[in-house]
Amino acid sequence: MIRMTTPITNDDVERLYAGEKVLISGTIYTARDQAHIRLLTEERPAFDIDGSVIFYVGPTPARGGNPIGSSGPTSSYRMDNITSNLMQQGLKLMIGKGDRSEAFRQEMMKYKSVYLIATGGAGALLASTVLSSKTIMYEDLGAEAIRELTVKDFPCFVAYDIHGGNIFQR
Amino acid sequence: MRKISGDIITKAVKEAVIKINYNLDNSLVARIQKAKEHETNQTASAILDDILANQEIAGKGEFPLCQDTGVVVVFAELGRDIYLEHDLEASINEGVRQGYQEGYLRKSIVNHPFNRENTQDNTPAIIHTRVVAGSSLKLKIAAKGGGSENMSLVKMLTPAEGIEGVKKLVLDTIFHAGGKPCPPIIVGLGLGGNLEKSALLAKEAILRPLDDHHDDPIIASLENELYEEINKLGVGPMGVGGETTCLAVKINTYPMHIASLPVAINIQCHSARHTEVIL
C-alpha cells in the first residue's frame with residue numbers, strides 16, 4: 001500500500017504499478033461529463049491542473065453537518081475523448097471505475113498520467129474520507145459541478161500505470 | 001370494493017426509496033461475505049472488503065450506499081377489487097419526489113435525450129402496472145443505477161440458436177462489460193415474449209429473492225450453469241480479476257412467436273436495492 005499527498009509529481013507517478021492500493025491525501029477535484037465538456041470548450045479551469053487529481057463523481061446532497069454526500073466513482077470511459085488537453089496541462093491522477101479505451105491508455109502513458117479506480121458503489125465509504133468540500137466551478141450543474149475536496153486516505157487502486165501495466169488484463 | 005387513498009401509496013413509496021438507498025438486504029450481504037471467503041485475488045478481496053465496509057457506514061443513515069441513487073422502477077400489482085381514490089402514477093411519483101428530497105438522495109433524471117434538463121426531483125418513476133385478482137396493491141420498488149443499466153441489452157436470436165446461443169450472448173455481454181456495471185453483479189435474463197416483454201422479464205428477474213430457484217428444472221439448471229460460467233470469466237469485482245463476478249443469475253420466461261427467441265439481459269450492480277410493499 002502506498003500513501004500519496006497532493007500535488008502529485010512525476011516521481012510519484014513512476015512509483016505506481018497496476019493492482020496496488022493507494023491512499024490519497026490532500027486536495028482533489030471532482031469533475032464528470034458536463035464539466036469536462038465545459039473545460040474543453042468554454043473556459044480555463046479555476047484550479048491549477050499541473051500535479052492535480054480529478055475524481056469522476058456526482059455526489060448525493062450532503063446531510064446535516066457532513067461536507068459531502070455519498071461519493072462513489074462513475075464510469076470513466078465516457079471521459080476518454082475529453083481528457084487529452086487536461087493531461088497535456090499536467091493532470092496526474094484520474095479516479096473512476098471500469099476500463100477505458102486503448103487510445104486513452106496510450107495517451108495517458110505519453111503524458112505520464114495514471115488512472116486509478118475506486119470501488120464503485122462504495123459512496124458512503126469514500127465520502128467518509130472527505131474532510132471538506134467547496135464548489136469552485138459550474139454550480140449550475142448541481143451534482144456535476146466542480147468541487148475542491150480535501151481528503152484523508154482516500155482509498156483507490158492503480159488500474160493503468162505508466163509502465164504499461166493494466167489491472168483489467170485477462 | 002376496498003378503497004386505497006393516494007396518500008397511503010405516496011407514504012409507502014417515500015419510505016421504501018429512503019430505506020433501500022441506505023440498507024442492503026441481509027441475504028445480499030451474506031452472499032458478498034461468502035464470496036469474500038472464497039476470493040483468492042488480493043485486489044478483488046480488498047474491493048469486497050470496501051463493499052462490506054460501505055454498507056455498514058451507509059446503514060447508519062447519513063450516506064446512501066451509492067452516489068447513484070438510481071431511477072425508481074415500480075412493478076405495481078393492482079387487485080381488481082380495489083377502488084383507487086387518486087391516480088396511481090401520480091401517487092407513486094409524489095412518493096419518489098418526497099423520498100428523494102427528504103432522504104438526501106441524488107436526483108439523476110433528465111427530461112429529454114438531448115436537452116438533458118434535470119427534473120430536480122428524480123421523477124418520473126418507471127411504472128409497470130398489472131391488474132390481478134384480490135383486494136391488495138403490491139408494489140415492487142427498485143432504485144436502479146445507470147452504470148449497470150447501460151451495460152444491459154435486448155437481442156432477438158433465431159430459435160435455432162437455442163440454449164447455446166443464449167449462453168454465448170450472456171457470457172460475451174458480461175465479459176465485455178467488465179468492471180463498468182460494478183461487479184459482483186446479479187444477472188437478470190428475460191427469455192421469450194417479444195422485444196419489450198423480454199426486457200420486462202429481465203427487470204423483474206433481478207428483483208427475485210437471491211435464494212429462490214426457478215420452477216422449471218431446465219431454467220433452474222441454466223441459472224446455475226450461467227452462474228458458474230460467469231464466475232469463470234475472471235472479470236472479478238470492479239473488473240480487477242478473481243472469482244467473484246456474479247452473485248446470482250435469475251431467469252424469467254414467457255411464451256413467444258414461432259419465429260422468435262428474444263433475450264434480454266438486465267445487469268444489476270452489487271448495490272442491489274429493492275423491496276416489496278403490500279397495501
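Letters A, B, ... mirror the listed sequences (proteins, then strands); counts begin at 1.
Here the side chain of T30(A) pairs a donor or acceptor atom with the backbone of R147(A) at under 3.5 angstrom.
Interface residues of residues 111-124 of chain A toward chain B, defined by a heavy-atom distance below 4.5 Å and sorted by number: I117(A), A118(A), T119(A), G120(A), G121(A), A122(A), G123(A), A124(A). Close approach to chain B, defined as a heavy atom under 4.5 Å from one of its heavy atoms, is seen in N66(A), I68(A), G69(A), S70(A), S71(A), G72(A), P73(A) of residues 65-73 of chain A, taken by number. Residues of residues 9-24 of chain A having a heavy atom under 4.5 Å from any heavy atom of chain B, listed by number: G19(A), K21(A).
Options P59(A), P61(A), G98(A) differ in how many heavy-atom pairs under 4.5 Å they form with chain B, and the most are formed by P61(A). Per-residue counts of heavy-atom pairs under 4.5 Å with chain A were compared for R106(B), Q67(B), E62(B); the largest is that of Q67(B). Interface remark: of the candidates A62(A), G96(A), S76(A), A62(A) forms the most heavy-atom pairs closer than 4.5 Å to chain B. If you tally non-hydrogen atom pairs under 4.5 Å between each of A46(B), P237(B), P64(B), C269(B) and chain A, the highest count goes to P64(B). Considering only heavy-atom pairs separated by less than 4.5 Å from chain A, the leading option among N118(B), N41(B), T69(B), L105(B) is L105(B).
For R97(B) and E94(B), the salt-bridge test passes: some basic side-chain N is under 4.0 Å from an acidic carboxylate O. Comment: R105(A) engages E102(A) in a salt bridge, judged by a side-chain N to carboxylate O separation of less than 4.0 angstrom. We find that E229(B) and K167(B) are not joined by a salt bridge, their nearest charged nitrogen and carboxylate oxygen being 4.0 Å or further apart. In summary, E15(B) and K11(B) engage in a salt bridge, as defined by a charged side-chain N under 4.0 Å from a carboxylate O. Between E223(B) and R208(B), at least one side-chain nitrogen of the basic residue sits less than 4.0 Å from a carboxylate oxygen of the acidic one, meeting the salt-bridge criterion. Using a 4.0 Å cut-off between charged nitrogen and carboxylate oxygen, R116(B) and D33(A) do not count as a salt-bridge pair.
Put simply, the side chain of N150(B) does not reach to within 4.5 Å of the side chain of K180(B), judged on heavy atoms. Residues T173(B) and M151(B) have side chains not in contact (no heavy-atom distance under 4.5 Å, counting atoms from C-beta outward). Two residues are said to be in side-chain contact when any heavy atoms from C-beta on lie closer than 4.5 Å; L48(B) and I32(B) meet this criterion. Looking at K97(A) and C182(B), their side chains come closer than 4.5 Å, going by heavy atoms from C-beta outward. Taking the side chain as every heavy atom from C-beta outward, E164(B) and K168(B) never approach each other to under 4.5 Å. Contact annotation: the side chain of K110(A) never approaches that of Q88(A) to less than 4.5 Å [non-hydrogen atoms, C-beta and beyond]. The side-chain heavy atoms of I57(B) and L125(A), taken from C-beta on, include a pair separated by under 4.5 Å.
Interface remark: A159(A) contributes no atoms to any contact with chain B (heavy atom separation under 4.5 Å). If you measure heavy-atom distances from E117(B) to chain A, you find no contacts under 4.5 Å at all. Residue contact with chain A, scored on non-hydrogen atoms closer than 4.5 Å, involves the side chain of Y22(B) exclusively. Neither the backbone nor the side chain of K60(B) comes within less than 4.5 Å of any heavy atom of chain A. Contact annotation for D68(B): neither backbone nor side-chain heavy atoms come within less than 4.5 Å of a heavy atom of chain A.
Using cut-offs of 30° and 60° on the angle between ring planes, the pair Y160(A) and F104(A) is tilted.
For the 3.5 Å distance criterion, the side chains of E39(B) and S45(B) fail to qualify, holding no donor opposite an acceptor. A donor-acceptor contact closer than 3.5 angstrom is absent between the side chains of T27(A) and E148(A).
Here Y56(A) pairs with H36(A) under the ring-ring contact (aromatic ring centres under 6.0 Å, His included) rule; sequence neighbours left out.
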